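Beneath this line is the structure, given in structure tokens, with notes to follow.
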Amino acid sequence: MWPQLMTLAYGVCASIGAHTVVAAWHVHARRTGALPLAGLAAGIGLWAVLACASTLTTDVTTLRVLAIAGILPQGALIASYAVLVWTIGNPSWPTRRRIVLLSIEPVVSTALAATDGWHHQFFGEVALNPLGVWVVQLGPLYWAHLLFLYFLTIWSTLHFGLADPAAPQKKNRQLGWMLAIALPPIVVNLLALEVFALGVELTLIGMASTVVVLRIALDRHSFDLLPVAREQVIDELSDSFCIVDRAGYVRDFNRAARRLLPHLSPGLAGRHDVRIEDFGLGVQPDPEHDTTWLVEDATVLGIDLEIRLIVLRDPAGSCVGWAMVSRDVTTANRQQRSLETANVRLRTQLDTIEALRAELAEQAVRDPLTGLHNRRYLTDALTMRSAGAAGEPVCLALVDIDHFKRVNDTYGHAVGDDVLVGVARELAEGQPPSVVVARNGGEEFVLVFPGATAEEGRTRVEALRERVAAHRFAADDVTLQVTFSAGIAASDGHFDAEALLEGADRALYRAKDGGRNRTETASAAELVHAV
């Protein structure tokens with residue numbers, strides 16, 4: 001009867017293990033700890049199959065082979081249990097190095113069991129136990145192996161309960177779950193071996209119950225680090241929300257964050273060991289201060305993210321991690337950029353309008369033929385200077401091209417225009433910006449020398465007169481030489497613009513009457529008469 005019952009019990013354990021492996025594999029992409037749970041269940045399932053086979057045979061060699069084969073799944077399932085509880089407590093814990101270290105004991109124990117024929121320390125004789133089942137007796141090395149597995153189970157459980165960074169009010173409930181998970185295999189086996197002296201190890205049946213409790217706990221999210229409000233509020237946020245531990249591992253995501261992961265990097269989808277640098281956003285957590293970043297074109301979708309890291313502190317004020325909130329600000333940024341672009345375009349248009357206005361204003365005071373200032377500009381300049389002269393002397397020269405009518409009549413107005421342009425160029429060339437050179441009309445030009453006396457103005461005009469007389473003007477196929485006559489009028493700073501012009505005009509007439517190609521200066525009498 002007992003062999004049949006044990007075979008049935010082991011078969012149930014194998015079924016629990018197989019079913020859990022399949023279920024855990026289906027949810028491993030979205031449930032923390034699912035893969036270690038699958039490893040734990042696979043170990044139980046394999047061990048249960050071997051134990052079931054042991055109850056159905058009485059061959060000593062077969063029993064020993066099955067006992068040796070059962071050592072590896074025993075160690076593997078306890079190692080998977082350790083990885084599972086530590087993953088729940090801290091997703092950053094599992095590393096390749098630590099997993100390799102956990103695999104050492106199962107491999108060594110299997111090797112010792114396989115070589116038991118040499119040292120006879122792992123197993124004893126094959127004997128019939130009180131239940132009527134043939135079993136391999138346990139040697140001292142097996143007990144050392146078993147004690148190590150118990151130690152690893154208890155230590156992993158307490159390590160999770162003591163080191164879990166969840167809120168203090170949740171620790172009691174979490175530690176209670178872990179004790180409910182870890183105690184059954186230990187209690188069942190002690191009762192079977194010590195209290196009732198059944199002579200058979202029932203750890204397998206206890207571990208099967210552990211798998212059942214673990215599945216219930218994980219399905220109920222009993223190890224979630226966030227309050228229940230997370231499911232109802234945080235998951236509904238449109239902003240991406242993550243919890244980052246002190247080691248830089250992302251402990252939890254809301255729905256928006258999980259949707260964002262594949263767009264940050266396709267390799268992040270379904271992973272539970274994501275570090276904050278894996279996002280590729282250049283975010284650097286600061287344990288002292290909350291920080292905010294604006295990352296443009298953060299994903300393959302080209303969206304802009306505003307990322308804020310809020311420091312989470314324990315009661316002592318030490319940083320235990322960060323809350324990372326990522327907000328899609330693409331629309332706002334595009335509107336801002338559009339506004340900035342519109343402002344730039346508007347400024348450019350205003351600058352263009354201002355340049356056109358200035359150009360039109362300049363054209364309004366320029367002579368279209370010679371490019372010199374016109375009479376309107378001259379009048380305004382003289383009026384302004386007379387109003388603000390403040391005692392500064394000024395000299396005005398009125399220049400008239402000699403016999404210009406003869407040039408027009410002989411060579412035509414086109415040649416005459418070329419002569420006007422050439423004389424204007426000679427008059428303006430080399431003049432400082434303060435000197436006004438304007439076309440007064442026809443062949444007359446006016447030069448205003450601020451700060452110059454009559455004698456200084458006459459000297460300048462004489463130099464210009466000699467330069468123009470020496471110049472040869474090429475117009476069409478004709479080379480011409482022209483001269484000009486000039487009248488000078490000067491004031492000590494208190495002057496009347498019209499008086500200066502009339503005085504310079506009287507002096508110009510005297511220059512023409514005196515033979516042309518000469519410069520005359522208005523006398524004081526001529527200036528007074530002009531006033």
Side-chain angles (χ1 to χ4, degrees), residues 27-37 83-99 160 163-167 170 174 218 221-295 298-301 303-314 318-329:
V27 299
H28 79 278
R30 61 179 184 276
R31 185 67 53 79
T32 301
L35 285 179
L37 177 60
V83 173
L84 172 61
V85 295
W86 285 337
T87 298
I88 295 171
N90 183 1
S92 66
W93 182 89
T95 62
R96 289 182 180 179
R97 184 176 66 86
R98 288 170 174 168
I99 292 175
F160 169 81
D164 178 39
K170 298 192 69 180
Q174 291 176 341
L218 290 174
H221 302 281
S222 297
F223 301 116
D224 281 350
L225 300 181
L226 297 178
V228 176
R230 172 200 177 280
E231 298 294 333
Q232 302 172 354
V233 178
I234 295 179
D235 257 355
E236 299 302 323
L237 292 176
S238 59
D239 295 341
S240 299
F241 183 86
C242 305
I243 294 294
V244 183
D245 67 14
R246 191 65 176 84
Y249 284 88
V250 181
R251 298 289 306 276
D252 199 70
F253 307 85
N254 69 348
R255 290 193 186 98
R258 289 197 177 278
R259 288 195 296 266
L260 180 64
L261 285 181
H263 300 303
L264 293 175
S265 174
L268 297 180
R271 283 180 50 186
H272 294 290
D273 60 340
V274 179
R275 293 182 62 87
I276 193 169
E277 56 263 30
D278 294 338
F279 291 152
L281 301 175
V283 175
Q284 297 294 328
D286 186 341
E288 301 298 329
H289 306 286
D290 297 349
T291 48
T292 302
W293 282 268
L294 177 61
V295 183
T299 70
V300 294
L301 300 178
I303 66 175
D304 299 340
L305 293 177
E306 181 185 72
I307 301 171
R308 188 179 183 197
L309 281 175
I310 303 169
V311 181
L312 303 178
R313 303 185 185 278
D314 59 17
S318 300
C319 173
V320 295
W322 296 268
M324 179 176 172
V325 183
S326 304
R327 174 169 297 175
D328 184 349
V329 294

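Remember, it's a predicted structure, so these values are computed and weren't measured experimentally.
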Considering residues at least two apart in sequence or located in another chain, which fulfil the salt bridge (Lys or Arg N to Asp or Glu O under 4.0 Å) criterion with Arg313?
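For Arg313, no residue satisfies salt bridge (Lys or Arg N to Asp or Glu O under 4.0 Å) once neighbours in sequence are set aside.
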All side chain to side chain contact (heavy atoms under 4.5 Å, CB included) counterparts of Val325, not counting sequence neighbours:
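Expected list: Asp239, Phe241.
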Atom CG in Asp245, atom SG in Cys319: separation rounded to 0.5 Å?
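Result: 10.0 Å between the selected atoms.
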Separation between CG of Leu305 and CZ of Arg327, rounded to the nearest 0.5 Å:
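So the gap between those two atoms works out to 11.5 Å.
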Answer whether the closest heavy-atom distance between the side chains of Pro287 and Trp322 falls below 4.5 Å.
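Yes; the side chains approach each other to less than 4.5 Å.
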Considering non-hydrogen atoms only, spot the tightest contact between [X] and [Y] and give its length.
X      : Y      : result
Thr292 : Glu306 : CG2-CG, 4.1 Å
Val244 : Met324 : CG2-CB, 4.3 Å
Ile307 : Ser326 : CG1-OG, 3.9 Å

Side-chain donor/acceptor of Asp290 to backbone N/O of Val311, under 3.5 Å
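Such a contact is found between Asp290 side chain and Val311 backbone.
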